[in-house]
Number of protein chains: 2
Amino acid sequence: MFKVISSKGGKKMNRLSDLSESVIFPKGNKVTNGNFTGTAWVEMLVSNDDIFNCRVYNVTFSPGARTDWHRHPGGQILLVTGGKGYFKEEGKPVQPLQRGDVVKINPNVKHWHGATADSWFVHIAIPTNRHKGKSEWLGPVTDEEYNNVKSKKQN
Amino acid sequence: MFKVISSKGGKKMNRLSDLSESVIFPKGNKVTNGNFTGTAWVEMLVSNDDIFNCRVYNVTFSPGARTDWHRHPGGQILLVTGGKGYFKEEGKPVQPLQRGDVVKINPNVKHWHGATADSWFVHIAIPTNRHKGKSEWLGPVTDEEYNNVKSKKQN
């Protein structure tokens, strides 16, 4: 059971969801916005509003799935809750990620994140400073770019 | 192993920590600020800075432990990662909390949160809109207030 409690009016939202791969928070719906390679799911935990000035969502990546290259005008925080993944900032070595890791992504830093080739991967994402504007999507992480990260990791 | 990755300069912080009761993120240090009843622990995951305009921390409550009454000028989001607890807003019925629940606490709403009497309780806390000022602490949740919640729950 998944429940959101708002202090505004005591509204509740209850949902049954398969949590088997999404560690604590629901898996949500398949991402269909064209900004990912491979299959990923997203569940909005806190959506856009004028109160908190940030959003919170749970993202689940199947093995090999990753976001496109992108940047956030207001920055983003990732809290890794399960599986194995990567964080890649342009021009820097890839950072392997696992349960318990925290990633602080500064505003306007070009990057991508996603699962390793052999593991699903789950993180909570907190895009901050909503008033600074929407994420900019900058094209897919090609198989060559992704495989290059993998081969560096393996060597 | 707990790791924070910053996109600013690729800094890393590694720590060994007992995660047995804190579900994914570290338990951290005992809270000694005088704003809690009972024993609780806090680990800062993202501290105050001028970039994200919010903080993120992991809070672990022992059974019966709870915050004092307080309010946040900028609001707060709680993401419950384990155990059993309560969220109580002044003048409203208590909300029981468990793994996977999300609580959106509007600015300046007087409230407290904490563990049930017989369970530890863990949540991620995200105080938002840091620029609106510090939390205001409004005195302990008395045993009478806490026991009143418990007895209502049991009946």
Side-chain angles (χ1 to χ4, degrees), chain A residues 1-13 15 17 19 22-26 44-46 49 51-56 58 74-82 87 89 92-93 95-111 124 126-132, chain B residues 1-13 15 17 19 22-26 44-46 49 51-56 58 74-82 87 89 92-93 95-111 124 126-132:
Chain A
M1 194 183 69
F2 171 58
K3 186 171 61 182
V4 172
I5 296 165
S6 166
S7 68
K8 205 168 191 174
K11 278 187 298 181
K12 279 191 196 182
M13 180 169 61
R15 278 190 215 169
S17 179
L19 305 186
S22 274
V23 187
I24 300 176
F25 299 99
M44 294 298 295
L45 302 176
V46 178
D49 61 40
I51 297 169
F52 299 105
N53 198 28
C54 70
R55 286 174 295 152
V56 181
N58 194 44
Q76 188 177 57
I77 296 162
L78 305 179
L79 309 174
V80 180
T81 54
F87 170 71
E89 183 180 335
K92 296 204 174 165
Q95 299 279 1
L97 297 177
Q98 64 182 13
R99 177 187 169 85
D101 287 341
V102 175
V103 185
K104 300 192 287 180
I105 306 168
N106 275 23
N108 297 316
V109 167
K110 185 177 173 182
H111 69 281
I124 295 164
I126 309 168
T128 51
N129 300 302
R130 169 182 173 261
H131 62 287
K132 293 195 177 169
Chain B
M1 195 182 69
F2 170 57
K3 185 170 64 183
V4 171
I5 296 165
S6 167
S7 68
K8 205 167 192 175
K11 278 187 300 180
K12 280 190 194 183
M13 179 171 62
R15 276 187 216 169
S17 180
L19 305 186
S22 274
V23 187
I24 301 177
F25 299 99
M44 294 297 296
L45 301 177
V46 178
D49 61 42
I51 297 169
F52 299 105
N53 198 27
C54 70
R55 286 174 295 151
V56 181
N58 194 43
Q76 187 176 56
I77 297 163
L78 305 180
L79 308 174
V80 180
T81 54
F87 170 72
E89 182 180 334
K92 295 203 175 166
Q95 299 278 1
L97 296 178
Q98 64 182 14
R99 176 187 171 88
D101 286 342
V102 175
V103 186
K104 300 193 287 180
I105 306 167
N106 275 22
N108 298 315
V109 166
K110 184 176 175 181
H111 70 281
I124 295 165
I126 309 169
T128 51
N129 300 301
R130 168 183 174 260
H131 62 284
K132 293 196 177 169

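Heavy atoms only: backbone and side chains are in, while hydrogens, waters and symmetry mates are out. Each chain gets a letter, A, B and so on, in the order the sequences are listed, and its residues count up from 1.
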Euclidean distance, [Y] [atom2] relative to [X] [atom1], rounded to 0.5 Å:
{"X": "A:Ile51", "Y": "B:Ile105", "atom1": "CD1", "atom2": "CD1", "result": "12.0 Å"}
{"X": "A:Arg55", "Y": "B:Ile77", "atom1": "CZ", "atom2": "CD1", "result": "11.5 Å"}
{"X": "A:Ile126", "Y": "B:Ile124", "atom1": "CD1", "atom2": "CD1", "result": "7.5 Å"}

Checklist entry - Looking only at heavy atoms, what is the nearest atom pair of B:Phe25 and A:Asp101, with distance? => result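 That closest heavy-atom pairing would be CE2-O, 4.0 Å.
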Next on the checklist: Which one wins on heavy-atom pair count under 4.5 Å against chain A: B:Lys132, B:His111, B:Gln76?
Outcome noted: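 Highest number of pairs under 4.5 Å: B:Gln76.
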Next on the checklist: I need the residue from B:Asn53, B:Val80, B:Asn129 with the largest number of non-hydrogen atom pairs under 4.5 Å to chain A.
Outcome noted: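 Counting heavy-atom pairs under 4.5 Å, the top option is B:Asn129.
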Item to check | Interchain contact, B:Val56 with chain A, by part (heavy-atom threshold 4.5 Å) | outcome: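 Only the side chain of B:Val56 comes within 4.5 Å of chain A.
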Next on the checklist: Please classify the contact between B:Leu79 and chain A as side chain, backbone, both or neither, with a heavy-atom cut-off of under 4.5 Å.
Outcome noted: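 Both backbone and side chain of B:Leu79 come within 4.5 Å of chain A.
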